[in-house]
Amino acid sequence: MDVPCLAPCTALAVGELLRRYDIATFGLNAVVCGRSKNVGLPIALLLHGDGQRQHGLDCTTTICHRYTPPAVLRQHLSNADIVVTAAGVPNLIRGEHLKPGCCVVDVAVNRIKNKDTGRVKLVGDCHFESCVEVAGHISPVPGGVGPLTVAMLMRNTILATKQQRQLT
């Protein structure tokens, strides 16, 4: 929102991931699936924000969520160059919904219990096996955005400490 502040760690992690892998963002279409105030909305604001200020990535951004009608969600996804999902719905996004070559950042962490073994498996919102066939870039769950979110927490801690020392 163009206000100097410590940005939410998960949003920063998504931005850092896109920057580190040289994913173009300027003027591209982005879809954020998830509207939570702590994850989805900050990610959408980061993607939409002005890159000449703060951390913005200059995308044209659409926000969808778990209750977006499936046909509407598929329409938005088919035009998206960047898809960030944090809706908390396993297999919400499948490869046939995606624009070929798009970048998919799966932020969601869902626990799925195997009925036969009783073991719990962590998965994202994307059906990874089908999405990996279509996407140009895709982050795994677990092991994708999560570790980078922790790194951004450490970054924010250092920045907050420096800012506090300047005030005293």
Before you tell me yes or no, could you show the steps for N91 and D125 under side chain to side chain donor-acceptor pair (under 3.5 Å), namely the whole-Å CA-CA distance, both residues' side-chain angles and the distance that decides it to 0.1 Å? CA-CA 5 Å; N91 299 322; D125 286 348; over 6 Å; no

Sub-4.5 Å side-chain heavy-atom contact between [X] and [Y]:
{"X": "H137", "Y": "V104", "value": "no"}
{"X": "L122", "Y": "R111", "value": "yes"}
{"X": "T10", "Y": "V107", "value": "yes"}
{"X": "T25", "Y": "L18", "value": "yes"}
{"X": "V83", "Y": "I93", "value": "yes"}
{"X": "I112", "Y": "V120", "value": "no"}

In Å and rounded to the nearest 0.5 Å, what is the [atom1] to [atom2] distance from [X] to [Y]?
{"X": "H97", "Y": "C102", "atom1": "NE2", "atom2": "SG", "result": "12.0 Å"}
{"X": "L92", "Y": "C126", "atom1": "CG", "atom2": "SG", "result": "8.0 Å"}
{"X": "L47", "Y": "D58", "atom1": "CG", "atom2": "CG", "result": "10.5 Å"}
{"X": "E96", "Y": "S78", "atom1": "CD", "atom2": "OG", "result": "12.5 Å"}
{"X": "H65", "Y": "R35", "atom1": "NE2", "atom2": "CZ", "result": "4.0 Å"}
{"X": "I43", "Y": "I82", "atom1": "CD1", "atom2": "CD1", "result": "12.0 Å"}

Run through N79, L73, V31, V32 and flag the one making a side chain to side chain contact (heavy atoms under 4.5 Å, CB included) with T62. V31

Would you say S139's side chain and D106's backbone share a donor-acceptor pair under 3.5 angstrom? yes

Tell me the closest heavy-atom pair linking [X] and [Y], and the distance in Å.
{"X": "V123", "Y": "P90", "result": "CG2-CB, 4.1 Å"}
{"X": "E16", "Y": "L148", "result": "CB-CD2, 4.1 Å"}
{"X": "C131", "Y": "G95", "result": "SG-N, 3.6 Å"}
{"X": "L46", "Y": "A11", "result": "CD2-O, 3.2 Å"}
{"X": "V39", "Y": "A86", "result": "CG1-CB, 3.8 Å"}
{"X": "R19", "Y": "G56", "result": "NH2-O, 4.1 Å"}

Quick one, N29 with C59, criterion side chain to side chain contact (heavy atoms under 4.5 Å, CB included). Give me CA distance, side-chain angles, the key distance, then yes/no. CA-CA 6 Å; N29 291 320; C59 291; over 6 Å; no

Transitively linked via ILVMFWY side-chain contacts under 4.5 Å: [X] with [Y]?
{"X": "V145", "Y": "Y21", "answer": "yes"}
{"X": "F128", "Y": "L98", "answer": "yes"}
{"X": "V109", "Y": "V14", "answer": "no"}
{"X": "L77", "Y": "V132", "answer": "yes"}
{"X": "V84", "Y": "I138", "answer": "no"}

If you count every heavy atom of other residues, nucleotides or ligands that lies below 6.0 Å from H127 atom NE2, does the total exceed 12? yes

